[in-house]
Amino acid sequence: TIDITQINDVPAVNTDPVLSFGDLDRLQTLELSAFGLTGSTNSAVSADGSRVYIADQQGHIALFTRNADGTLTHMRTSAIASGVIQLQMTSDGANLYALQRNNNEGIIVTFTLDSEGNLTEQSSLKQLWDTAQITLSGDGKNLYLMNRETVIVYGRDTTTGTLTRLQALDNDMSTPPYLWAPTKVIT
């Protein structure tokens, strides 16, 4: 025989530090087409929360500033290149990285940001195959590119934002680090 004991494992919501703030209220509904966007694929928020960048699949990145009440004000929309699937902003606000995917080819575009939040394309890494995600390390010194097989580690020059390939982790499920078909990079 098998004995089954029921356990109540429902979390207590009132002890969660975020959920205990109360209900979320809608502050604003943005009609993205009014700002030159055809939907959104990803967004990035500056470390201080003052700027929000929103990208679409057609290659546009819109800059919004956040007002004191939490609403967003559109500043400008820049056309870069199609296929943006992810944005990552450095904590110092110096660089924005855009991961583009067109068919199976991935491209990481590095932008520098001026004091007004304007984007200037600095460089791009091309011929990256089956790209899925980019993640910046907490200290901003590394960028991790995940593809369908492994994780590629790039060093980041914190002054210029330039990326240099350092390592591709072994993608063998039988040897360390036992990595095969990663699904997420968390730093």
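Because only heavy atoms are used, hydrogens play no part in the values below, and waters and symmetry mates are left out as well, while side chains stay in.
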State plainly whether one hydrophobic cluster holds both [X] and [Y], where clusters connect Ile, Leu, Val, Met, Phe, Trp and Tyr through side-chain heavy atoms under 4.5 angstrom apart.
X	Y	result
Leu30	Leu63	no
Val109	Ile152	no
Trp129	Ile134	no
Val45	Tyr97	no

Looking at [atom1] of [X] and [atom2] of [Y], how far apart are the two atoms once the value is rounded to the nearest 0.5 Å?
X	Y	atom1	atom2	result
Thr90	Leu96	OG1	CG	8.0 Å
Glu121	Ile80	CD	CD1	7.5 Å
Ile61	Arg76	CD1	CZ	12.5 Å
Gln86	Leu145	CD	CG	9.5 Å
Thr65	Arg51	OG1	CZ	8.5 Å

Heavy atoms from other residues, nucleotides or ligands near CG of Asn103 exceed 12 (cutoff 6.0 Å):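 Atom CG in Asn103 is not packed in, count stays at 12 or less.
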Beyond-backbone contact of [X] with [Y], side-chain heavy atoms, under 4.5 angstrom:
X	Y	value
Glu105	Lys126	yes
Tyr178	Asp172	no
Ile107	Leu125	no
Leu143	Ile108	yes

Donor-acceptor pair, [X] side chain versus [Y] backbone, under 3.5 Å?
X	Y	result
Gln28	Leu72	yes
Asn142	Tyr154	yes
Asp157	Thr160	yes
Asp48	Ser50	yes
Gln133	Val185	yes
Gln88	Ala44	no

Reference residue Asp56; test side-chain hydrogen bond (donor to acceptor under 3.5 Å, both in side chains); the match among Thr38, Thr41, Thr77: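 By the side-chain hydrogen bond (donor to acceptor under 3.5 Å, both in side chains) criterion, Asp56 pairs with just one of Thr38, Thr41, Thr77: Thr38.
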Modelled atom types, side-chain donor and acceptor of Asn95 and Thr110, under 3.5 Å: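 No, no side-chain donor-acceptor contact under 3.5 Å.
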Asn171 vs Glu149, side chain to side chain donor-acceptor pair (under 3.5 Å): CA-CA, chis, key distance, verdict: CA-CA 6 Å; Asn171 59 340; Glu149 294 180 9; 3.2 Å; yes
Centroid separation Phe35 to Phe64 less than 6.0 Å: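 They qualify: ring centres under 6.0 Å apart.
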Atom of [X], atom of [Y] and distance for their closest heavy-atom approach:
X	Y	result
Ala98	Phe111	CB-CE1, 3.9 Å
Ser91	Gly138	OG-O, 4.5 Å
Thr131	Gly106	OG1-CA, 3.5 Å
Arg156	Gly140	NH1-O, 2.9 Å

Residue pair Thr162, Gln122: steps toward the side chain to side chain donor-acceptor pair (under 3.5 Å) verdict: CA-CA 8 Å; Thr162 303; Gln122 175 187 332; 3.1 Å; yes
Asp170 and Thr150: CA distance, side-chain angles, deciding distance, side chain to side chain donor-acceptor pair (under 3.5 Å) verdict: CA-CA 7 Å; Asp170 290 334; Thr150 190; over 6 Å; no
Full working for side-chain contact (heavy atoms from CB on, under 4.5 Å) between Leu128 and Leu99: CA-CA 10 Å; Leu128 306 168; Leu99 177 60; 5.5 Å; no
Intermediate values then yes/no, side-chain contact (heavy atoms from CB on, under 4.5 Å), Ser137 and Tyr144: CA-CA 8 Å; Ser137 62; Tyr144 305 96; 3.9 Å; yes
Test side-chain contact (heavy atoms from CB on, under 4.5 Å) applied to Met89 and Ser46, step by step: CA-CA 7 Å; Met89 185 182 296; Ser46 62; 3.6 Å; yes
